[in-house]
Amino acid sequence: MADDTTDTKSSNQMWGGRFASGPDAIMEEINASIGFDKKLFAQDIRGSIAHATMLAHQGIISAEDKDKIVHGLNTILSEIESGNFEFSRQLEDIHMNVEARLATLIGPAAGRLHTARSRNDQVALDFRLWVKEELQKTEQMLTGLIAAFLDRAEEHAESVMPGFTHLQTAQPVTFGHHCMAYVEMFGRDRARVRHAIEHLDESPIGAAALAGTGYPIDRHMTAKALGFREPTRNSIDTVSDRDFAIEFLSIAAIAGMHLSRLAEEIVIWSTSQFGFVRLSDAFSTGSSIMPQKKNPDAAELVRAKTGRINGSLVALLTIMKGLPLAYSKDMQEDKEQVFDAAESLELAIAAMTGMVRDMTVNTARMKAAAGSGYSTATDLADWLVREAGLPFRDAHHVTGRAVALAESKGCDLSELPLSELQAIHSDITDKVYDVLTVEASVASRKSFGGTAPSEVRRQIAFWRARN
Ligand code: ARG
């Protein structure tokens with residue numbers, strides 16, 4: 001195997017026929033992608049085996065050459081997997097590294113592998129296979145996160161907490177209901193992942209440089225061998241398309257945004273001021289100076305990883321936006337963005353799944369907070385509409401006066417004496433106290449998708465059947 005010493009002036013190793021001298025050192029540095037695209041080695045070898053098998057089946061290469069090629073490629077696979085492969089920057093990328101090693105191992109037959117293909121369709125294939133596997137992994141990880149939320153939602157279908165709008169106490173909800181909101185979000189992310197897998201499930205190999213090939217290849221055969229639904233339909237589009245990578249990044253960015261919102265809530269909930277949850281030791285850190293501290297570092301880092309993922313999406317959109325059809329070398333910059341975002345997304349989902357499973361929920365704190373801030377004011381207004389026949393606007397006004405009175409006395413709505421409530425509106429009876437508790441408030445919200453425990457359990461059953 002060639003090593004990494006750079007002899008810039010020797011004849012070019014890869015296309016020596018046309019080139020009298022090798023590349024300048026800077027040229028080699030800007031041009032080489034092996035530093036990151038070696039990650040595609042397994043996909044590259046799988047693709048080459050399928051291609052060689054098809055070439056032999058079609059009589060384009062001999063069965064003996066195919067056997068040598070397949071055997072050599074399998075040897076290279078185990079060399080790379082066991083760390084016994086020396087990657088060379090002079091050989092530019094994973095495709096040339098594998099092919100050069102194949103020539104050393106099996107001799108001239110190696111030269112027949114690149115018949116009827118180009119690195120343009122080869123890289124499109126390798127990268128698609130990689131993104132497809134990553135999407136499948138993401139789908140599974142999201143299923144795990146959804147399962148964690150379903151368990152917490154079931155456990156806390158009746159636990160009352162304040163619901164917020166503008167981060168101000170709005171109306172009581174259940175923690176189970178809040179958990180199910182995240183199930184909906186991550187369920188949508190997973191649906192997007194499934195859709196993206198369907199979108200990219202077409203095989204690029206055989207598009208060749210951009211125009212297809214004159215050899216009698218069978219693209220349906222390679223598509224099937226590589227687990228794709230069918231071959232792509234247009235060879236120009238095939239080598240110039242990176243939508244599958246951009247879709248992955250878009251999905252990652254949206255899921256990252258959801259994970260970041262969850263991270264933000266966990267940061268807020270775990271403050272001593274809120275005290276709604278306590279993170280496990282496994283998912284928090286201490287302070288080197290303040291012994292009392294337990295910091296939600298993992299949640300904070302999930303929030304930050306989202307910034308990286310967004311950056312990758314914008315980077316690849318920008319890389320692609322000015323490119324004429326078909327392939328341009330700019331596209332080589334697609335991989336690092338996707339690899340980095342994939343790593344961030346995996347870590348973020350795994351960390352969040354762990355935090356959600358492990359955190360201790362302080363239901364007493366949640367309940368106390370749920371009752372503060374006059375969170376049942378809407379229930380009083382609704383009672384006036386229902387029991388005293390007031391128009392909602394008038395009921396809103398009467399309730400506003402009751403809230404002002406309670407505020408001036410420094411007490412809760414449920415602590416106002418009946419006589420004082422009746423002074424505000426004479427139709428109020430002692431029955432009103434039944435709706436002023438947070439439990440009654442929550443139980444009454446039985447509308448489809450509402451926060452009543454019975455409704456939350458229905459939502460859980462819906463998702464259990466689909467997870
Ligand atoms: N390393 C290249 C990439 O990642 C492979 C394709 C090169 N094709 C070419 N015509 N130079 O995009």
Side-chain angles (χ1 to χ4, degrees), residues 2 4 6 12-19 22-24 26-48 50-51 73 76 80 85 87-102 111 113-134 200 203-213 222 226 232 235-246 248-249 312 315-342:
D4 252 346
T6 314
N12 192 291
Q13 286 198 38
M14 297 173 286
W15 26 78
R18 167 84 170 74
F19 283 67
D24 187 88
I26 294 297
M27 177 60 202
E28 189 181 294
E29 193 171 339
I30 195 171
N31 200 36
S33 53
I34 188 63
F36 48 88
D37 70 14
K38 61 177 154 204
K39 231 187 164 85
L40 299 175
F41 74 90
Q43 291 77 11
D44 194 72
I45 290 172
R46 257 177 77 202
S48 287
H51 182 67
L73 287 169
I76 295 170
I80 299 179
F85 189 95
F87 291 100
S88 155
R89 204 176 70 177
Q90 282 178 298
L91 291 166
E92 213 180 300
D93 56 25
I94 185 63
H95 325 295
M96 304 299 259
N97 269 267
V98 169
E99 199 183 314
R101 177 67 183 142
L102 189 63
L113 172 61
H114 213 53
T115 313
R117 79 170 183 192
S118 146
R119 278 189 297 159
N120 296 351
D121 57 340
Q122 194 179 353
V123 73
L125 169 66
D126 296 1
F127 198 26
R128 241 182 226 247
L129 284 171
W130 194 92
V131 171
K132 186 176 171 186
E133 282 166 35
E134 190 60 32
L200 67 58
S203 170
I205 195 73
L210 82 164
T213 175
T222 39
L226 292 165
T232 54
S235 59
I236 297 175
D237 176 54
T238 301
V239 296
S240 77
D241 166 42
R242 290 295 181 270
D243 288 5
F244 61 93
I246 294 172
F248 171 76
L249 291 173
S312 294
L316 188 52
L317 284 170
T318 311
I319 288 164
M320 296 302 294
K321 72 178 266 297
L323 302 186
L325 308 188
Y327 177 87
S328 293
K329 195 61 173 261
D330 312 49
M331 290 160 71
Q332 177 165 284
E333 296 276 320
D334 54 5
K335 291 167 216 60
E336 283 170 294
Q337 302 305 332
V338 169
F339 293 159
D340 189 78

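Owing to the predicted nature of the structure, the values given are computational and were not obtained by experimental measurement. Just the heavy atoms: all of them, side chains too, but no hydrogens, waters or symmetry mates, feed the values below. As the structure lists them, so they are numbered: ligands from 1, and atoms in each ligand from 1.
In terms of modelled atom types and a separation under 3.5 Å, the side chain of Asp121 and the main chain of Ser118 share a donor-acceptor contact.
Within 6.0 Å of NZ on Lys321 lie no more than 12 heavy atoms contributed by other residues, nucleotides or ligands. Other residues, nucleotides and ligands place no more than 12 heavy atoms under 6.0 Å from the CD atom of Glu29.
Considering His95, His114, Glu92 in turn, Glu92 is the only one that fulfils the side-chain hydrogen bond (donor to acceptor under 3.5 Å, both in side chains) rule with Arg119. Of the listed residues (Asp93, Leu91, Asp44), just one forms a side-chain contact (heavy atoms from CB on, under 4.5 Å) with Val98, and that residue is Asp44.
Taking every heavy atom of Ser33 and a limit of under 4.0 angstrom, the matching atoms of ligand 1 come to 1 (N). Atoms of ligand 1 found under 4.0 Å from any heavy atom of Gln332 (numbered from 1 in listed order, with element): 1 (N), 2 (C), 3 (C), 4 (O), 12 (O). Ligand 1 places these atoms under 4.0 Å from at least one heavy atom of Asn120: 8 (N), 9 (C), 10 (N).
From the protein, the heavy atom lying nearest to atom 11 (N) of ligand 1 is Arg119 NH2, 3.5 Å. In terms of protein heavy atoms, atom 6 (C) of ligand 1 is closest to Tyr327 OH, 3.4 Å. Protein heavy atom closest to atom 5 (C) of ligand 1, with residue, atom name and distance, is Asp93 OD2, 3.5 Å.
A cation-pi arrangement, defined by a distance under 6.0 Å to the six-membered ring centre and an angle within 45 degrees of its axis, is present between Lys335 and Phe127.
Residue contacts with ligand 1, taken as heavy atom pairs separated by less than 4.0 Å, involve Lys335 solely via side-chain atoms from C-beta onward.
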